[in-house]
Amino acid sequence: MKVEQAVFEPIENNCYLITDEKTNKSALVDCSVYNDKMTRLIGDTQLEYILLTHGHFDHIGGVKRVRDTYGAKVVISAEDAPMLSDKRLSMAVYQENAAPDIIIKDGDTLRLGSLEIKVIATPGHTKGGVCYLAQDSLFTGDTLFCRSCGRCDFEGGDEYEMLESLRKLRALDGDYKVYPGHDAVTTLDSERKYNPYMNM
């Protein structure tokens with residue numbers, strides 16, 4: 001499995017391309033914009049999925065055009081799916097509406113070539129926030145950041161749910177490389193030790 005990262009405006013979002021090197025099939029984790037930088041990230045891979053960690057504008061802004069261009073399936077939770085077509089919910093100034101292709105819930109798995117991607121429900125930043133687990137990599141969106149966590153003061157946010165979600169991630173067996181929606185890549189063991197929000 002290969003993981004590539006690029007940072008996009010409007011607010012320095014991390015988007016990730018997961019590629020199964022055996023088949024060249026890929027999945028994009030979050031899709032902030034559609035531009036030349038995004039097409040370079042996707043490259044010549046066969047884009048199968050757009051895996052959305054949640055529905056805020058800075059994570060979904062390029063979804064419609066990327067799906068239209070590559071034919072990838074849009075994956076999101078039922079709780080956050082309305083954000084794809086409601087700019088008030090997504091907090092967008094302007095939005096090209098999209099529709100989900102696959103609705104996911106906690107414990108679901110997706111096949112990407114020879115890879116298995118597991119869905120972990122992690123509400124708190126939004127009602128339908130999720131993380132994606134693939135091999136040794138954990139894609140945490142705006143749930144878990146390096147030494148921090150996502151805000152809970154937007155519509156659908158809940159501090160209690162966030163702390164429960166962080167405890168859920170802390171309880172995972174083993175260590176993982178953590179790829180957050182903003183800021184630096186980290187590891188789960190490092191966050192277990194040094195992130196104050198994981199130990200509340």
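By convention here, the first residue in the shown sequence is residue 1. Because the structure is predicted, anything quoted here is derived from the model rather than measured.
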Work out which heavy atom in [X] is nearest to a heavy atom in [Y]; give both atom names and the distance.
X: Asn14; Y: Pro180; value: ND2-O, 3.0 Å
X: Asp20; Y: Gly113; value: OD2-CA, 3.3 Å
X: Asn199; Y: Asn195; value: ND2-O, 3.1 Å

Taking a hydrophobic cluster as the set of Ile, Leu, Val, Met, Phe, Trp and Tyr residues connected by side-chain heavy atoms closer than 4.5 Å, whether directly or through intermediates, do [X] and [Y] fall within one such cluster?
X: Tyr49; Y: Tyr70; answer: no
X: Leu112; Y: Ile102; answer: yes
X: Tyr179; Y: Phe145; answer: no
X: Tyr16; Y: Leu144; answer: no
X: Leu41; Y: Val63; answer: yes

Answer whether the closest heavy-atom distance between the side chains of [X] and [Y] falls below 4.5 Å.
X: Cys31; Y: Met38; answer: yes
X: Glu164; Y: Glu161; answer: no
X: Arg147; Y: Thr186; answer: yes
X: Lys25; Y: Leu47; answer: no
X: Arg167; Y: Leu163; answer: yes
X: Ser26; Y: Gln46; answer: no
X: Leu115; Y: Gln135; answer: yes
X: Val74; Y: Leu84; answer: yes

Exercise. Test His59 against His125 for ring-ring contact (aromatic ring centres under 6.0 Å, His included), laying out the working first.
Key: CA-CA 13 Å; His59 294 257; His125 183 63; 7.4 Å; no

Between [X] (side chain) and [Y] (backbone), is there a donor-acceptor pair under 3.5 Å?
X: Ser77; Y: Gly128; value: yes
X: Asp30; Y: Cys15; value: no
X: Tyr176; Y: Phe139; value: no
X: Asn13; Y: Ser32; value: no
X: Asp158; Y: Cys152; value: no
X: Arg170; Y: Met198; value: yes
X: Lys168; Y: Ala121; value: yes
X: Gln95; Y: Met83; value: yes

Quiz prompt | Geometric cation-pi criterion, Lys37 with Phe8: 6.0 Å, 45° | solution =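 Pair Lys37/Phe8 counts as cation-pi.
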
Self-check item: Test side chain to side chain contact (heavy atoms under 4.5 Å, CB included) applied to Ser114 and Lys22, step by step
Solution: CA-CA 7 Å; Ser114 64; Lys22 294 180 180 179; 3.5 Å; yes

Exercise. List the steps, then state whether side chain to side chain contact (heavy atoms under 4.5 Å, CB included) holds for Cys131 with Thr53.
Key: CA-CA 6 Å; Cys131 297; Thr53 59; over 6 Å; no

Practice problem: May I have the step-by-step check of side chain to side chain contact (heavy atoms under 4.5 Å, CB included) for Leu52 and Ile60, ending in yes or no? | Solution: CA-CA 7 Å; Leu52 299 175; Ile60 68 167; 4.0 Å; yes

Self-check item: Candidate pair Met91 and Phe154, rule side chain to side chain contact (heavy atoms under 4.5 Å, CB included), full reasoning
Solution: CA-CA 9 Å; Met91 302 189 299; Phe154 298 131; 3.7 Å; yes

Quiz prompt | Stepwise salt bridge (charged side-chain N to carboxylate O under 4.0 Å, His left out) test for Lys64 and Asp68 | solution = CA-CA 6 Å; Lys64 185 180 187 302; Asp68 290 350; 2.8 Å; yes

Quiz item: With a 3.5 Å cut-off and no angle check, do the side chains of Thr122 and Ser165 form a donor-acceptor pair?
Solution: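 Judged by distance alone, the side chains do not pair up.
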
